[in-house]
Amino acid sequence: MLPAGLLLALAVLAGCSRYGRGDSELHDPLIQQARAREREGEKDMALTILNRALVRKPELAQAHLDAALLYDRHKQDYIRAIYHYTRFLELRPHADKRTMVEDLIRQARMAYAAGLVDQEFNLDYRIRQLREENARLQHDLREVRANLAQLRLAGRVAPAPPAPQSPPPASAPPAADATYRVQPGDTLSKIAARLYRNPRKWNLIFEANRDVLTGPEKLAAGQVLRIPPQE
């Protein structure tokens, strides 16, 4: 919040025309348009027009001052306000209201610094919130795990199923007759894929075991099969 004296100063500067060569600048069409828009409450449009004027003529001191006042009062964009205040003083070093503009620069710098302090405070507050939330989540997770362990001990929750086992790695293809004990769930194709690395060679195993197999699907766990070498 600016002091009452500086608020009055802003109002004075907004309408003041005693800046030496700045008198003629008040007749610039874009400055007049910007001031008309500001009086109508269209301050963002006024800033747009002033910036357009400064692109056209960067040494238009009055446009710098009017833009600085809008950035300061309306946008609270103190960095831009300080820049335009400073440019005004560089272009009009002997302006009647130089002291007043310098005071406005100091106030803008103080306001900007205060904003940085507020941002740092808000950041620290948010970090504390996140840490507290993380601590609560860890506490809740510990409670859930403890309750789950108690329920399992009481037999009210089934234990987690064991992780599925990976199938046994494929063996090297037999170089001579070998044997294989049938496992639960085996088929001739699975055995051929495991031993020959080719499930289509199941018929080799079937033909070599016709004395014990009445059909390709007639496997029983525990059977011992002869595994011939690959052709």
Side-chain angles (χ1 to χ4, degrees), residues 1-140:
M1 179 69 68
L2 291 175
L6 282 177
L7 287 174
L8 179 60
L10 287 170
V12 171
L13 284 175
C16 184
S17 62
R18 295 194 303 276
Y19 300 112
R21 287 189 299 161
D23 285 347
S24 61
E25 294 180 348
L26 293 174
H27 300 293
D28 184 276
L30 290 180
I31 290 181
Q32 291 182 350
Q33 289 179 31
R35 290 192 166 193
R37 290 300 182 95
E38 183 181 1
R39 286 193 297 270
E40 293 168 2
E42 299 179 15
K43 297 180 180 180
D44 288 335
M45 180 55 68
L47 265 174
T48 299
I49 296 171
L50 289 169
N51 284 320
R52 192 186 310 156
L54 289 169
V55 168
R56 185 198 65 185
K57 190 175 179 181
E59 295 185 356
L60 201 57
Q62 187 63 49
H64 280 293
L65 181 59
D66 287 0
L69 293 170
L70 283 170
Y71 278 123
D72 197 346
R73 294 181 299 173
H74 171 56
K75 305 291 281 187
Q76 284 80 53
D77 188 339
Y78 302 113
I79 294 296
R80 285 188 173 90
I82 291 168
Y83 166 76
H84 287 290
Y85 282 139
T86 303
R87 285 294 294 134
F88 170 78
L89 292 179
E90 289 171 351
L91 293 167
R92 299 290 180 268
H94 303 296
D96 294 344
K97 304 299 181 181
R98 181 181 181 88
T99 301
M100 190 178 295
V101 174
E102 289 173 344
D103 286 340
L104 290 173
I105 291 174
R106 281 191 288 271
Q107 289 294 323
R109 286 174 176 167
M110 292 172 60
Y112 177 71
L116 292 179
V117 171
D118 289 342
Q119 290 177 13
E120 184 177 354
F121 173 80
N122 291 333
L123 180 60
D124 289 342
Y125 177 71
R126 182 57 181 155
I127 290 173
R128 287 197 300 272
Q129 280 187 319
L130 290 173
R131 286 175 176 169
E132 291 172 359
E133 183 178 354
N134 183 56
R136 285 195 299 270
L137 290 173
Q138 290 183 354
H139 177 266
D140 293 345

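All values derive from a computational prediction rather than experimental measurement.
Proximity of L70 to H84: side-chain heavy atoms (C-beta onward) are nowhere separated by under 4.5 Å. Side-chain contact between E102 and R98 is present, with at least one heavy-atom pair separated by less than 4.5 Å.
I31 approaches A63 most closely through the heavy-atom pair CD1-N, 3.8 Å. Of all non-hydrogen atoms in D72 and A108, the two that sit nearest each other are OD2-CB, 4.4 Å. The shortest heavy-atom contact between A34 and A46 is O-CB, 3.3 Å.
The structure places CD of Q33 at 10.0 Å from CG of L50, a figure rounded to the nearest 0.5 Å. Between T48 atom OG1 and E42 atom CD the span is 10.5 Å, to the nearest 0.5 Å. Separating the CG atom in D44 from the CD1 atom in I49 is a distance of 11.0 Å, to the nearest 0.5 Å. The CD atom of E40 lies 6.5 Å from the CZ atom of R37; values are rounded to the nearest 0.5 Å. Of the inter-residue distances, the one linking Y85 atom OH with I105 atom CD1 reads 8.0 Å to the nearest 0.5 angstrom. In this structure, Y71 OH and N51 CG are separated by 4.0 Å, a value rounded to the nearest 0.5 Å.
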Would you give me the side-chain donor-acceptor pairs under 3.5 Å for residues 54-61, sequence neighbours excluded?
| from | atom 1 | to | atom 2 | distance (Å) |
| --- | --- | --- | --- | --- |
| R56 | NH2 | D28 | OD1 | 3.3 |
| R56 | NH2 | D28 | OD2 | 2.4 |

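The aromatic rings of Y83 and H64 sit perpendicular to each other, their planes meeting at more than 60°, with 30° as the lower class boundary.
Contacts of E90 classified as salt bridge (Lys or Arg N to Asp or Glu O under 4.0 Å), with partners at least two apart in sequence or in another chain: R87.
With hydrogens and angles disregarded, a donor-acceptor distance shorter than 3.5 Å links the side chain of E25 to the backbone of Q62.
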